[in-house]
Amino acid sequence: MEPIYQHDYLVNDAAVDCCGRLKPSMLLFYCQDIAGHHCTRLGTDYDTLAHKNLFWAVIRQKVQITRLPRSGETIHVETWPMPTTRTCYPRSTVAYDQDGQELFRAIGLWVLMDINTRAMILPGKSGVTVTGLLTGTELAAPGSLSPKGLGSTASRRVVYSDLDRNSHMNNTRYLEWMNDLLPSSFHRENTPREFTICYHSEAREGDQLNMNWQVNEHSMLLVDSWKEAPEDGGFHRIFSAQVQY
């Protein structure tokens, strides 16, 4: 089985924003989609894991962007699993344009979750083995993002179109929500160069998420999201992120 899986994607009009550039959330979609194709080859796809009452979830992602392609371009994407750690299955992804120039590279920390309890299952107890590879070009694994006092607030409810096959908010949607905090005029003048997202808890349909956010003096968008947890008398952090423009 090939250690590095490759796939080409045509960037169509549905994948670009009002500026004609690839939506940043589509970078995460390509990472997710090609990982799914590779998992099918490796025998760790959704249906196979479902028979073991398991599913894949991503807990952290970091992406470095050289250039966002435009509609009509075909991009070449490569992905490979990195060596499994005690807690997760890291995966590296890199994309190139038709001239072989790098567009973006990413790292995602993937974990296995129990379908019924929604608890994380450590690799050593999952029975799922993935052979990893290191090429020397991988991004360093992203660290955690601490809560910050941020000046602006927004609130939004998780709805049907936010959900994926695991019945929780898909990782691409978090980035869409973040981009929606800023007007199109900002996005026309600013292109993301790097972003990191940490997913602390899953968001389910009907959850009301509160987002504290601001753009700091270094042109970095900071977001920290949480939901009220009356049963615990407090709150649960859902996700935190930073986008450098």
Side-chain angles (χ1 to χ4, degrees), residues 9 11 15-35 57-70 75 77 79 82 88 90-97 102-111 137-148 150-152 154 156 162 164 169-203 209 211-226 237-245:
Y9 292 90
V11 179
V16 300
D17 62 11
C18 61
C19 306
R21 301 187 299 253
L22 185 72
K23 297 175 184 177
S25 61
M26 287 299 297
L27 303 183
L28 298 184
F29 169 78
Y30 293 144
C31 291
Q32 175 180 286
D33 187 67
I34 194 172
V58 62
I59 57 171
R60 293 179 190 170
Q61 290 178 302
K62 181 175 183 178
V63 179
Q64 289 183 348
I65 302 168
T66 303
R67 180 177 73 84
L68 290 173
R70 306 185 77 85
I75 68 174
V77 186
T79 189
M82 297 162 61
C88 67
R91 176 172 282 273
S92 185
T93 306
V94 61
Y96 303 92
D97 65 16
E102 184 175 311
L103 293 168
F104 68 87
R105 66 177 52 240
I107 183 172
L109 304 185
W110 291 84
V111 298
T137 63
E138 294 87 358
L139 295 179
S144 62
L145 297 175
S146 302
K148 299 179 176 66
L150 304 175
S152 299
R156 190 160 168 175
D162 296 316
D164 61 17
M169 185 165 162
N170 186 263
N171 64 312
T172 63
R173 294 297 297 153
Y174 291 90
L175 196 54
E176 293 278 9
W177 280 25
M178 291 166 55
N179 284 332
D180 287 345
L181 294 171
L182 298 164
S184 60
S185 57
F186 178 91
H187 293 292
R188 289 184 188 279
E189 299 298 325
N190 298 275
T191 302
R193 295 187 284 114
E194 179 177 304
F195 62 84
T196 299
I197 306 179
C198 297
Y199 308 93
H200 306 293
S201 303
E202 65 177 350
L209 304 192
M211 292 176 283
N212 299 330
W213 67 278
Q214 72 179 39
V215 178
N216 67 17
E217 67 275 15
H218 304 295
S219 296
M220 178 181 288
L221 171 63
L222 303 170
V223 181
D224 195 73
S225 175
W226 54 278
R237 286 183 84 199
I238 303 299
F239 76 95
S240 54
Q242 58 185 36
V243 184
Q244 181 66 64
Y245 293 93

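Numbers here are sequence positions counted from 1. Computed from a predicted model, the values in this text were never measured in an experiment.
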- Q61 side chain near F195 side chain, heavy-atom distance below 4.5 Å: no
- Query: Going from CG on L150 to OG on S225, what distance comes out if it is rounded to the nearest 0.5 angstrom?
  - Reply: 11.5 Å
- Item | Pairwise side-chain contact, W213 with L182, heavy-atom cut-off 4.5 Å (strictly under) | yes
- Query: Just wondering, do V223 and W177 contact through their side chains at under 4.5 Å, heavy atoms?
  - Reply: no
Name every donor-acceptor pair, under 3.5 Å, that has one atom in a side chain of residues 18-34 and the other anywhere in the protein, sequence neighbours excluded.
residue	atom	partner	partner atom	Å
R21	NH2	H187	O	2.6
S25	OG	E176	OE2	2.6
Q32	OE1	N170	ND2	3.0
D33	OD2	Y9	OH	2.7
D33	OD2	H37	NE2	3.2

- Rounding to 0.5 Å, atoms CD (E102) and CG (D97) come to a distance of 10.0 Å
- Item | Distance, nearest 0.5 Å, that separates CD1 of I238 from CD of E202 | 9.0 Å
- Query: Roughly how far, to the nearest 0.5 Å, is CG of D180 from CG of L175?
  - Reply: 10.0 Å
- Task: State, to 0.1 Å, how close A106 and V63 come at their nearest heavy-atom pair, and which atoms those are.
- Result: CB-CG2, 3.7 Å
- Nearest heavy-atom approach of L209 to A203 is CD1-CB, 4.1 Å
- With a 4.5 Å heavy-atom cut-off, do P192 and L68 have their side chains touching? yes
- With side chains defined as the heavy atoms from C-beta onward, is the minimum distance between D224 and R237 less than 4.5 Å? yes
- Minimum-distance pair of heavy atoms, taken over all atoms of A141 and L109: CB-CD2, 4.2 Å
- Task: Side-chain contact test, heavy atoms from C-beta onward, threshold under 4.5 Å: evaluate it for L103 versus T66 and give yes or no.
- Result: no
- Which atoms form the tightest heavy-atom contact between K62 and E194, and what is the distance? CE-OE2, 3.3 Å
- Item | Q244 side-chain N/O to H218 backbone N/O, donor-acceptor pair under 3.5 Å | yes
- T191 side chain reached by R193 side chain, heavy atoms, under 4.5 Å: no
- Locate the shortest heavy-atom distance separating S240 from H200; write the atom from each residue and the value. OG-NE2, 2.7 Å
- Message: For the CE atom of M220 and the CD atom of Q214, what is their distance to the nearest 0.5 Å?
- Response: 11.5 Å
- Query: Looking at M169 and Y174, what are the two nearest heavy atoms and their distance?
  - Reply: O-CE1, 3.5 Å
- In this structure, CZ of F239 is separated from CG of L145 (nearest 0.5 Å) by 11.0 Å
